[in-house]
*Asks:* 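A single structure is presented below for examination.
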There are 2 protein chains.
Amino acid sequence: MRIGELSRRTGVSERALRYYEEHGLLRPERRPSGYRVYREADVPAVRRIRVLLAAGLSIAQIVAALPCMVDDDGLLLPSCPELVDELVKHRDRIGEAIDELEATRGNLDAIIAAERRAG
Amino acid sequence: MRIGELSRRTGVSERALRYYEEHGLLRPERRPSGYRVYREADVPAVRRIRVLLAAGLSIAQIVAALPCMVDDDGLLLPSCPELVDELVKHRDRIGEAIDELEATRGNLDAIIAAERRAG
DNA sequence: CTAAACCTTGACGTTGATGTCAGAGTCAAG
DNA sequence: CTTGACTCTGACATCAACGTCAAGGTTTAG
């Protein structure tokens, strides 16, 4: 599919989709004309990106945490690092992101509890 | 106390403190000279602001939230249930992101294990 | 009284994730 | 072949939450 359809199906602007590509989050193929061609798997991929962005992660963190978005069938994309070492590092970065988010969620929980007592 | 001391005691820059005032989060008194004069209660107030910011709330949301949070001498406003709702939604979004990241980490773990077995 | 330290209000700079617009090429239908 | 929808690459605009001066007034220690 082309960018317009992906945009409609995900609710994400074309501008944003091009921006994600610019930062390595999406790698659509190109027609000779230059038109981007996306696969079905890019629809859930965009959804994952939005979830992480909504949670407060930056594009850079998402790039670092998900250098290889896993497909529905569980296969790695061709761009993935081969060394176990690299994979371990990536997993650890994801762990850091998780820790950050859990701390944030902890803060929110405390606030919510306090407000319930006060309100 | 004046702005420098509040800045030192909270670890928040003077610029940020002035910015918070600009947006209605702090209301220090003024000397005839124009110097801001803060009360002791402003120290914990600034801490609360930082916690909310760290939890991912915007200044505008905090402005709405502060009246609900005062333990000192403030009033409670009826916008509280709405606020708690928003906070809960925000927390749930973060939970979603954590789930995504944990799934990704699980995939990476499986790949790492497979690579190790395969040599 | 004076110098150092502190404070004031602008006002422009920064970063991240887009919005928006211009000028131009591409594609599908009639 | 032409029209209209779609897409491309810049490039400037925006918004939040500050950082960073600049130019000048205030306070306090000695």
Side-chain angles (χ1 to χ4, degrees), chain A residues 1-39 42-43 45-66 69 93 97 100-101 104 107, chain B residues 1-39 42-43 45-66 86-87 90 93-94 97 100:
Chain A
M1 88 198 72
R2 293 179 306 187
I3 198 168
E5 188 181 341
L6 183 59
S7 174
R8 278 190 300 276
R9 288 179 57 185
T10 60
V12 174
S13 75
E14 302 180 6
R15 178 68 177 84
L17 293 174
R18 296 194 186 99
Y19 182 79
Y20 297 160
E21 179 183 356
E22 228 178 293
H23 290 72
L25 285 175
L26 295 173
R27 297 172 183 282
E29 286 173 18
R30 297 298 187 113
R31 286 197 193 171
S33 62
Y35 280 27
R36 291 166 179 84
V37 177
Y38 297 91
R39 299 163 309 151
D42 288 323
V43 174
V46 169
R47 194 196 122 258
R48 278 192 293 263
I49 294 171
R50 298 308 297 217
V51 166
L52 295 176
L53 280 174
L57 292 191
S58 68
I59 295 280
Q61 282 175 306
I62 297 174
V63 170
L66 305 179
M69 281 266 201
R93 274 189 226 117
E100 254 185 65
L101 290 179
T104 299
N107 280 338
Chain B
M1 87 199 74
R2 293 178 307 186
I3 198 167
E5 188 182 340
L6 182 60
S7 172
R8 279 190 301 276
R9 288 179 57 185
T10 58
V12 174
S13 75
E14 301 182 4
R15 178 67 176 86
L17 293 174
R18 296 194 186 100
Y19 182 79
Y20 297 159
E21 179 184 356
E22 227 177 295
H23 289 72
L25 286 176
L26 297 172
R27 297 170 183 285
E29 284 172 20
R30 297 296 188 114
R31 286 195 191 173
S33 62
Y35 280 28
R36 290 167 179 82
V37 178
Y38 297 91
R39 299 164 307 151
D42 288 323
V43 175
V46 169
R47 291 211 185 100
R48 277 195 297 267
I49 292 170
R50 299 309 298 219
V51 168
L52 291 171
L53 281 174
L57 296 191
S58 68
I59 297 277
Q61 286 174 306
I62 297 174
V63 169
L66 274 193
E86 265 187 58
L87 294 178
H90 193 147
R93 279 196 293 271
I94 291 175
E100 288 284 346

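In the text below, chain A, chain B and the rest are named by the order of the sequence lines, each starting its count at 1.
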*Asks:* Run the side chain to side chain contact (heavy atoms under 4.5 Å, CB included) check on B:Ile62 and B:Tyr20 step by step: do they pass?
*Replies:* CA-CA 10 Å; B:Ile62 297 174; B:Tyr20 297 159; over 6 Å; no
*Asks:* Between C1' on C:dG16 and CG on A:Leu52, what's the gap in Å once rounded to a whole number?
*Replies:* 16 Å
*Asks:* Quick one: CG on B:Asp42 to CZ on B:Arg47, what's the gap to the nearest 0.5 Å?
*Replies:* 11.5 Å
*Asks:* Just the rounded figure in Å: distance from C1' of C:dT18 to CD1 of A:Ile59.
*Replies:* 10 Å
*Asks:* Spell out, as yes or no, whether a donor-acceptor pair under 3.5 Å connects the side chain of B:Arg30 to the backbone of B:Gly34.
*Replies:* yes
*Asks:* Send over the distance from A:Ile3 CD1 to D:dC6 P, rounded to a whole Å.
*Replies:* 13 Å
*Asks:* Kindly give the heavy-atom pair with the smallest separation between A:Gly4 and A:Glu14, and that separation in Å.
*Replies:* CA-OE2, 3.7 Å
*Asks:* In residues 11-21 of chain A, which residues come under 4.0 Å of DNA chain C by heavy atom?
*Replies:* A:Ser13, A:Arg15, A:Ala16, A:Tyr19, A:Tyr20
*Asks:* Rounded to the Å, how far apart are B:Gln61 CD and D:dA16 P?
*Replies:* 12 Å
*Asks:* Which heavy atom of B:His90 sits nearest a heavy atom of B:Gly56, and at what distance?
*Replies:* CE1-O, 3.4 Å
*Asks:* Between A:Arg27 and A:Glu21, does any NZ, NE, NH1 or NH2 come within less than 4.0 Å of an OD or OE carboxylate oxygen?
*Replies:* no
*Asks:* Within the side chain of B:Glu5, is there an N or O that forms a donor-acceptor pair under 3.5 Å with the backbone of B:Arg2?
*Replies:* no
*Asks:* Please state how far atom CG in B:Leu57 lies from atom P in D:dA17, giving the value in whole angstrom units.
*Replies:* 10 Å
*Asks:* Short question: side chain of A:Ser7, backbone of A:Val12 - any donor-acceptor pair under 3.5 Å?
*Replies:* yes
*Asks:* Whole-Å distance between D:dC18 C1' and B:Leu53 CG?
*Replies:* 11 Å
*Asks:* Strictly below 4.0 Å, N to O, side chains only: are A:Arg18 and A:Glu22 in salt-bridge contact?
*Replies:* no
*Asks:* Taking protein heavy atoms under 4.0 Å as touching, what does nucleotides 23-30 of chain D look like 5' to 3' if B marks base contact, S marks sugar-phosphate-only contact and - marks none?
*Replies:* --BBS---
*Asks:* Taking atom C1' of C:dC6 as reference, at what distance in whole Å does atom CE of B:Met1 sit?
*Replies:* 16 Å
*Asks:* Rounded to the nearest Å, what distance is computed from the NE2 atom of residue A:His23 to the C1' atom of nucleotide C:dG16?
*Replies:* 8 Å
